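Data first, discussion second: the structure below is written as structure tokens.
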Number of protein chains: 2
Amino acid sequence: MPRKPVEQADGERRSTIRDVAALAGVSVATVSRVLAGNYPIAPPTRARVLRAVKDLDYVVNVHARALAGVSQKTVAILTRDVTTPFYAHVIQGVEQQAAQDGRLCVVCTTGADPDRELAYVKMMREHGADAVIIVGGVVETLGYRKQLAQYAQALDSAGSKLVLCGRPGLGPDVPALVAHYDNEGGAYAATSHVLSAGHERVLFLGGVEGFTTSDPRVAGWRRALRDRGITPDKELLQQGSFGTHFGYERTRQLLKRGPLPATAIVASDDGCAAGAVRALREAGLGIPEDVSVVGYDDAPMAAHLWPPLTTVHIPAEELGRTAVRLALDSRAQLGRETILGTHVVVRDSVARRIDR
Amino acid sequence: MPRKPVEQADGERRSTIRDVAALAGVSVATVSRVLAGNYPIAPPTRARVLRAVKDLDYVVNVHARALAGVSQKTVAILTRDVTTPFYAHVIQGVEQQAAQDGRLCVVCTTGADPDRELAYVKMMREHGADAVIIVGGVVETLGYRKQLAQYAQALDSAGSKLVLCGRPGLGPDVPALVAHYDNEGGAYAATSHVLSAGHERVLFLGGVEGFTTSDPRVAGWRRALRDRGITPDKELLQQGSFGTHFGYERTRQLLKRGPLPATAIVASDDGCAAGAVRALREAGLGIPEDVSVVGYDDAPMAAHLWPPLTTVHIPAEELGRTAVRLALDSRAQLGRETILGTHVVVRDSVARRIDR
DNA sequence: CATGTTTCGGTAACCGTTTACTGCGCTGAT
DNA sequence: ATCAGCGCAGTAAACGGTTACCGAAACATG
């Protein structure tokens with residue numbers, strides 16, 4: 001006599017489909033069918049079942065249901081963190097689209113730690129999630145690409161989809177979906193915007209070399225300059241990191257060395273731009289009278305900076321929604337990239353440069 | 001002969017514990033025990049099993065595991081949205097603490113819609129989540145309190161915990177945990193801070209009457225004034241909404257009617273403060289020379305405003321972490337409130353008032 | 001050598017659903 | 001009266017694990 005029924009210590013055992021069946025005087029099959037609503041049931045029977053369900057406050061057990069073959073309906077999103085506005089917006093999009101499709105959204109923060117990422121991918125395989133979405137930039141080493149390819153394989157063979165979101169894909173032989181945005185184009189447009197305002201010395205501030213998010217931005221900046229016949233001097237490319245801290249410190253250093261070698265700054269991100277603005281202002285420079293600044297991301301704070309920051313809008317929420325749609329669309333092509341547009345949102349941090 | 005084994009159309013069937021057992025030449029019990037690691041297994045046997053697991057790329061099926069009685073390990077967090085910085089930080093805290101305890105974190109956004117909230121609570125019951133955390137302020141009608149009490153009952157009898165986070169509890173007879181912060185105290189401290197700087201006419205801007213988050217703030221402002229023997233005039237309490245839009249518009253209205261009836265503003269939230277700052281500046285007023293402003297929340301943007309905004313810090317991430325700890329701590333008292341401290345973070349938006 | 005103790009591993013019931021197949025009672029046609 | 005057909009509802013296998021209980025072999029002891 002194996003396995004004696006375990007006594008539920010705290011609280012009464014939650015009621016099962018069998019309890020409902022007993023109370024309603026029908027079989028479990030009937031209860032299941034009433035609840036699923038995909039099978040003809042005589043109205044009086046249906047009513048009795050529904051009544052019993054209500055009386056017992058019955059809810060199905062999703063685990064049992066999943067085990068019996070009804071797929072689980074979960075999407076997972078892995079990001080470095082959730083407080084960075086860009087991630088928060090992507091998560092929001094994912095959650096909303098997932099909810100619309102009746103799915104639960106589990107969020108996993110990795111802190112950019114590959115081990116935690118790996119652990120989460122494994123957990124999601126155990127859960128049989130129908131999609132796992134990995135968001136955000138990284139410096140993509142060969143080892144990491146291999147890692148991703150492995151995830152893709154593993155998830156694919158388990159019937160789950162891997163979606164790479166806000167980062168480039170891995171080529172057609174890796175079974176992953178890709179939802180990306182026009183990163184290079186955004187930087188090109190932003191740079192063109194300040195060039196059109198008459199600036200000629202435009203500095204690119206921030207980002208780290210090799211990073212999947214900043215490299216295309218640098219490329220866009222470079223292309224915009226070249227298109228106007230301007231050579232992107234080495235001293236005009238100031239990389240190192242993202243965020244306010246870097247923007248502030250690097251700008252201060254630059255200022256300490258002498259007058260700024262540029263009349264405008266294109267920043268790798270809004271935080272970086274905010275840091276630069278602060279440093280410039282502390283040095284007595286006016287924005288945008290003396291120096292024009294444009295950011296990237298269109299984080300909510302950008303609009304509240306003083307002056308309100310001209311920046312590049314990334315459709316983050318839409319990106320999240322797209323990722324889920326892609327995962328759930330059986331016609332979606334593995335290996336192809338879906339690319340969303342970006343655009344410059346003009347506010348007050350860029351001024352027309354009259355003289356040269 | 002009921003139910004013929006369903007043919008897996010796409011991809012090979014994922015391997016089960018039985019496959020592993022067969023390959024390793026042992027019984028399923030042995031495999032399970034090796035994986036659980038809670039039972040003595042002879043090293044050679046263990047090695048064979050592990051080898052088979054690796055070869056087949058086996059992962060357990062959590063649904064089967066859950067069904068067999070091992071609890072599911074999930075916490076859910078319900079918020080209005082995820083992009084509001086306060087919520088994002090709470091979510092972050094929840095996720096981190098949950099991860100530390102080996103739990104998955106599912107986030108559900110309700111858009112402040114009671115129906116969606118209800119639906120999510122039901123879903124989480126189906127999942128057997130070990131905790132559901134509801135975060136954020138509301139105007140708490142009687143009906144809604146009743147609703148919450150029902151959730152609490154339902155979840156409790158299913159063995160899950162309900163945690164109310166960043167909002168007051170429902171009294172000792174409702175089986176819910178409460179993780180809150182010292183809302184009134186924060187407002188009291190903020191108001192005291194500007195009073196100590198010599199201001200006497202201090203306006204409270206923002207919030208909506210009856211809201212669980214703003215009411216205590218108004219109360220704190222009122223108490224601080226009274227403690228200094230100042231009567232909180234009616235015209236000094238300007239409520240209506242939260243956020244930049246309200247802050248901006250209401251301040252403009254006030255300014256249009258004549259000189260501001262105060263030399264300092266305590267805002268219901270940082271967004272509101274930012275809006276007020278903008279309106280004041282547009283009217284030619286200097287911050288803090290002409291008007292001092294303090295916010296509430298300590299959102300990341302507060303530090304980047306110009307001038308950097310003095311505000312009240314809410315330990316949002318810690319709040320999330322506390323909520324999870326409370327839920328998982330069997331000794332936690334239902335009905336008792338755990339209250340985290342708030343404090344004023346002094347930046348540059350409050351100036352000493354010399355003359356009177 | 002007989003017997004008591006461990007140590008390790010197998011057997012099979014059970015968790016709560018879903019659903020293929022079967023069967024019962026009626027109705028209406030022949 | 002007989003029987004095909006239909007509308008409903010029941011039976012029970014299967015999903016993939018966990019674990020209580022049992023038993024065999026290995027070892028220690030008298």
Side-chain angles (χ1 to χ4, degrees), chain A residues 1-8 13-49 52-53 56 58-73 125-128 158-159, chain B residues 1-8 13-49 52-53 56 58-73 125-128 158-159:
Chain A
M1 184 215 321
R3 190 75 188 291
K4 107 183 41 138
V6 43
E7 274 311 311
Q8 205 72 4
R13 199 177 99 297
R14 80 190 246 189
S15 45
T16 74
I17 199 173
R18 251 168 281 267
D19 301 326
V20 176
L23 183 58
V26 298
S27 75
V28 294
T30 303
V31 176
S32 177
R33 294 202 265 246
V34 167
L35 264 16
N38 52 9
Y39 195 86
I41 297 286
T45 314
R46 142 181 261 94
R48 282 211 320 285
V49 169
V53 165
L56 292 173
Y58 167 79
V59 286
V60 294
N61 178 324
V62 290
H63 301 301
R65 188 210 286 279
L67 196 53
V70 177
S71 98
Q72 188 27 50
K73 279 135 190 342
R125 284 220 289 152
E126 298 177 348
H127 271 263
Chain B
M1 183 215 319
R3 191 77 189 293
K4 105 180 46 135
V6 42
E7 274 311 311
Q8 203 75 3
R13 200 177 98 294
R14 81 189 247 189
S15 44
T16 75
I17 199 173
R18 257 165 272 266
D19 301 326
V20 176
L23 183 58
V26 298
S27 74
V28 294
T30 305
V31 176
S32 177
R33 295 201 264 243
V34 166
L35 263 18
N38 52 9
Y39 195 87
I41 297 287
T45 312
R46 145 180 259 95
R48 283 210 321 283
V49 170
V53 166
L56 292 173
Y58 167 78
V59 286
V60 294
N61 177 324
V62 290
H63 302 301
R65 190 212 286 281
L67 196 53
V70 178
S71 97
Q72 186 28 46
K73 275 134 194 342
R125 284 219 290 151
E126 297 177 348
H127 272 263

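Computation of the quantities below employed the complete heavy-atom set of this structure, encompassing side-chain atoms and omitting hydrogens, waters and symmetry-equivalent molecules. Computed from a predicted model, the values in this text were never measured in an experiment.
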Would you indicate what A:Val62 reaches in the nucleic acid, counting non-hydrogen atoms under 4.0 angstrom: base, sugar-phosphate, or nothing?
nothing
What parts of residues 32-47 of chain B reach DNA chain C, counting only heavy atoms under 4.0 Å away?
B:Arg33, B:Tyr39, B:Pro40, B:Ile41, B:Ala42, B:Thr45
Would you classify B:Val59 as touching base, sugar-phosphate or nothing, given that sugar-phosphate means primed atoms plus P, OP1 and OP2, and contacts are heavy atoms under 4.0 Å?
sugar-phosphate
Less than 3.5 Å between a donor and an acceptor, one on the side chain of B:Arg65 and one on the base of D:dG16, is that the case here?
no
Could you tell me if the side chain of A:Lys73 sits less than 4.5 Å from the side chain of A:Val62, heavy atoms only?
no
Quick check on DNA chain C: between B:Val26 and A:Ile17, whose nearest nucleotide comes earlier from the 5' end?
B:Val26
Salt bridge (charged side-chain N to carboxylate O under 4.0 Å, His left out): pairs with one or both residues in residues 17-27 of chain B, sequence neighbours excluded
B:Arg13-B:Asp19
Name the closest nucleotide to the B:Thr30 side chain, picking from C:dT11, C:dG9, C:dT17.
C:dG9
By nearest atom, which of the nucleotides C:dT17, C:dT19, D:dG16 is closest to the A:Tyr58 side chain?
C:dT17
What pairs with B:Ser71 under side-chain hydrogen bond (donor to acceptor under 3.5 Å, both in side chains), at least two apart in sequence or on another chain?
none
Working to the nearest 0.5 angstrom, can you tell me the gap between B:Asn61 CG and A:Leu67 CG?
6.0 Å
What integer distance in Å separates A:Asp19:CG from C:dT17:C1'?
13 Å
Let me know the distance between NE2 of A:His127 and P of D:dG16, rounded to the nearest Å.
17 Å
Checking B:His127 now: which residues fulfil side-chain hydrogen bond (donor to acceptor under 3.5 Å, both in side chains) with it, not counting sequence neighbours?
none
Let me have the donor-acceptor pairs involving side chains of residues 36-46 of chain B, under 3.5 Å, with sequence neighbours excluded, atom names and distances please.
none

Can you list the residues that meet the side chain to side chain contact (heavy atoms under 4.5 Å, CB included) rule with B:Ile17, with sequence neighbours excluded?
B:Val28, B:Val31, B:Ser32, B:Tyr58
So what does B:Val20 touch, heavy atoms closer than 4.0 Å: a base, only the sugar-phosphate, or nothing?
nothing
To the nearest angstrom, how far is B:Arg18 atom CZ from D:dG17 atom P?
8 Å
I want to verify a distance call: between D:dG17, D:dG10, C:dG16, whose nearest atom is closest to the A:Ser27 side chain?
D:dG10
Axis-to-axis angle for the helix from C:dC1-D:dG30 to C:dT30-D:dA1, ends of five pairs each, to 10°, equals 60°
What integer distance in Å separates B:Arg48:CZ from C:dG9:P?
8 Å
Just how far, in rounded Å, is C1' of C:dT17 from CG of A:Leu67?
8 Å
Residue pairs passing the salt bridge (charged side-chain N to carboxylate O under 4.0 Å, His left out) test with at least one member in residues 20-32 of chain B, sequence neighbours excluded, are none
Roughly how far, to the nearest 0.5 Å, is the CZ atom of B:Arg48 from the OG1 atom of B:Thr30?
9.0 Å
